[in-house]
Enquirer: 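Structure provided below as C-alpha cells; questions to follow.
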Amino acid sequence: MASPEPYLLYYNKWSICSQMVQLTLAFKGEPKDDVSSMVVEQKEIDIIKSEQLEEAYLTEINPKGQVPVLTHPSKLPKPISDSLDITHFITSNYPSLLPENRMDEIIKLLKELHAINYFSLSFGNKPAAAKAQEVAVDKKIAEPSISERYRKALVFKLKIVQNEKVNGVTDDEIEAQVENTKTFLEKIADFYEPGNGPWLWGQTRPTAIDVQVAVFIARLHDVGRGALVPDKLAHLREHMIGTNEWQELYQGRSTMFGVAGPRER
Ligand SMILES: N[C@@H](CCC(=O)N[C@@H](CS)C(=O)NCC(=O)O)C(=O)O
C-alpha cells in the first residue's frame, strides 16, 4: 500500500501549545483504522525571529500568526490553527488518547486547560516581551511598500497581540490566570492516585489530558511557578519526563526559551 500523504504541523520548539500537540502525537498509539492513520511532517516557524508575521503565513496559514497549525492538502479543507482543535482532530483518529469511559471528562478538562492564557503565566514577569511583539507588528504595518492584503492581515494580527499578549500581562490578568491554574490543577489532582500508576484514573496509557497537563506542569516549573502544582502531581510529571517520547521531543531542553533544561543545568 502506498504510504498516506503526510500532514504538516507548523510548530515552534519553545511554544507550549506546539509542545502539547507534538507530545500528543508522540503518544498517539494505534489509529482507529487505516484511513485514520496520520503521518505528520513538521516545519518549524521561528517565532523569535517573527517568521509568523510573514505575509504567506498570515494570509494563507494562520491569520492569528500563531503556532501550532496542522494542514493537509486533501483531508483538511483549511488549516486547523488552534492547539485544542488539533488535539480533538488527533484524538478522533487515535482512540487510546481519548478512552470511551473517560471521554466526557477528558474533553471538558482539555477545554479548561486550553482556556488558560499560558502567556500570562510564562511572561507575566516580562511584560516587555508582549510590548516587543506589538512593536514588531507595528513596524511591519509602517512599511510603505507592503500590499493592501498584507497590511489588513497585520492589522488583524495586531489586535490578537494586544488582546492575548499585551492585555495578558496586566497584574489583574496574571492573578486571574494563577487562580484558574490552581482550580484546574486541584481538579486534576482529584482524579489522580499515584498508588494506582503514573496516569490519571489509573489508566495504563497516558490520555491526551495526561500528556498536556504534564507539559503544562513542566512549564510552570520552568517559569518558577512550580508552587502552583499540587504535590500529588509530582509523580505524573516525573514519570512523563522519564518517557522516551518526552526525551525524544525535548532532547534535554526545558519547555521555555532561555531556561536551562535538565541536561544543560
Ligand atoms: N489559542 C492558540 C494559542 C497559540 C499561541 O499563542 N501560540 C504562541 C506560541 S505558544 C505563538 O504562536 N506566539 C507567537 C505570536 O503570538 O506571534 C492555540 O492554542 O493554539
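In each ligand, atom 1 is the first atom listed, and ligand 1 is the first ligand listed. Keep in mind that this is a model prediction, so the values were computed, not measured.
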Enquirer: Does any N or O atom in H114 lie less than 3.5 angstrom from one in ligand 1, N or O only?
Expert: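 No; the residue has no nitrogen or oxygen that sits under 3.5 Å from a nitrogen or oxygen of the ligand.
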Enquirer: Tell me the protein heavy atom at minimum distance from atom 20 (O) of ligand 1, and give that distance in Å.
Expert: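 Minimum-distance protein heavy atom for atom 20 (O) of ligand 1 reads S83 N, 2.8 Å.
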Enquirer: Pick whichever of K157, E164, K64, R219 has a heavy atom sitting closest to atom 16 (O) of ligand 1.
Expert: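 Comparing heavy atoms across K157, E164, K64, R219, the nearest one to atom 16 (O) of ligand 1 lies in K157.
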Enquirer: Taking Q177 for the side chain and N117 for the main chain, is one N or O donor matched with an acceptor at less than 3.5 Å?
Expert: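 Such a contact is found between Q177 side chain and N117 backbone.
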Enquirer: Going by the closest heavy atom to atom 8 (C) of ligand 1, which one wins out of D82, L53, V67?
Expert: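 Among D82, L53, V67, the closest heavy atom to atom 8 (C) of ligand 1 comes from V67.
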Enquirer: Is it the case that more than 12 heavy atoms not belonging to K75 sit under 6.0 Å from its NZ atom?
Expert: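 More than 12 heavy atoms, drawn from other residues, nucleotides or ligands, come within 6.0 Å of this atom.
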Enquirer: Please report which non-hydrogen protein atom sits nearest to atom 6 (O) of ligand 1, along with the residue it belongs to and the distance in Å to one decimal place.
Expert: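 Atom 6 (O) of ligand 1 sits closest to the protein heavy atom K165 NZ, 3.1 Å.
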Enquirer: Quick one: look up the protein heavy atom nearest atom 3 (C) of ligand 1 and list residue, atom name and how far away it is.
Expert: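 The protein heavy atom lying closest is Q66 OE1, 3.5 Å.
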Enquirer: Heavy-atom contacts with Q52 under 4.0 Å: which atoms of ligand 1 show up? List them by number with element.
Expert: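 Answer for ligand 1: 14 (C), 15 (C), 17 (O).
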Enquirer: Measure the distance from atom 13 (N) of ligand 1 to every protein heavy atom, then report the residue, atom name and distance (to 0.1 Å) of the closest one.
Expert: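 That would be I47 CD1, 4.0 Å.
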Enquirer: Mark up the atoms of ligand 1 that fall under 4.0 Å of a heavy atom belonging to I16, in ascending order.
Expert: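 Here the atoms of ligand 1 in question are 10 (S).
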Enquirer: Closer than 4.0 Å to some heavy atom of S15 - which atoms of ligand 1 meet that?
Expert: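 Those qualifying, in numeric order: 9 (C), 10 (S).
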Enquirer: How about D33: does its CG atom have over 12 heavy atoms from other parts shown lying under 6.0 Å from it?
Expert: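 Yes, because the 6.0 Å sphere around CG of D33 holds more than 12 heavy atoms from other groups.
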Enquirer: Hey, are T24 and Q212 close enough side-chain-wise for a donor-acceptor pair under 3.5 Å?
Expert: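 On atom types as modelled, these side chains qualify, holding a pair under 3.5 Å.
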Enquirer: May I ask you to test the D210-F27 pair for a side-chain heavy-atom distance under 4.5 Å?
Expert: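 SC-SC contact between D210 and F27 ruled out.
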Enquirer: Which ligand 1 atoms does P68 reach within 4.0 Å, using its non-hydrogen atoms?
Expert: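 Going through ligand 1 atom by atom, the ones under 4.0 Å from P68 are 20 (O).
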Enquirer: Taking the six-membered ring for Trp, are Y118 and F216 ring centroids under 6.0 Å apart?
Expert: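 Yes, close enough.
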Enquirer: Do the side chain of K157 and the main chain of G65 share a donor and acceptor less than 3.5 angstrom apart?
Expert: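 A pair under 3.5 Å: yes.
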Enquirer: Are N180 and T183 close enough that a side-chain donor and a side-chain acceptor fall under 3.5 Å?
Expert: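 Side chains of N180 and T183: no pair found under 3.5 Å.
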Enquirer: Please say whether S81 places an N or O atom under 3.5 Å from an N or O atom belonging to ligand 1.
Expert: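 Looking only at distances, the answer is no, because the N/O contact criterion of under 3.5 Å is not met.
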Enquirer: Under the 6.0 Å and 45° cation-pi test, does K43 pair with Y10?
Expert: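 That pair does not qualify as a cation-pi contact.
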Enquirer: If you count the atoms of ligand 1 from 1 in the order shown, which ones are under 4.0 Å from a heavy atom of Q133?
Expert: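 In order of numbering, the contacting atoms are 15 (C), 16 (O), 17 (O).
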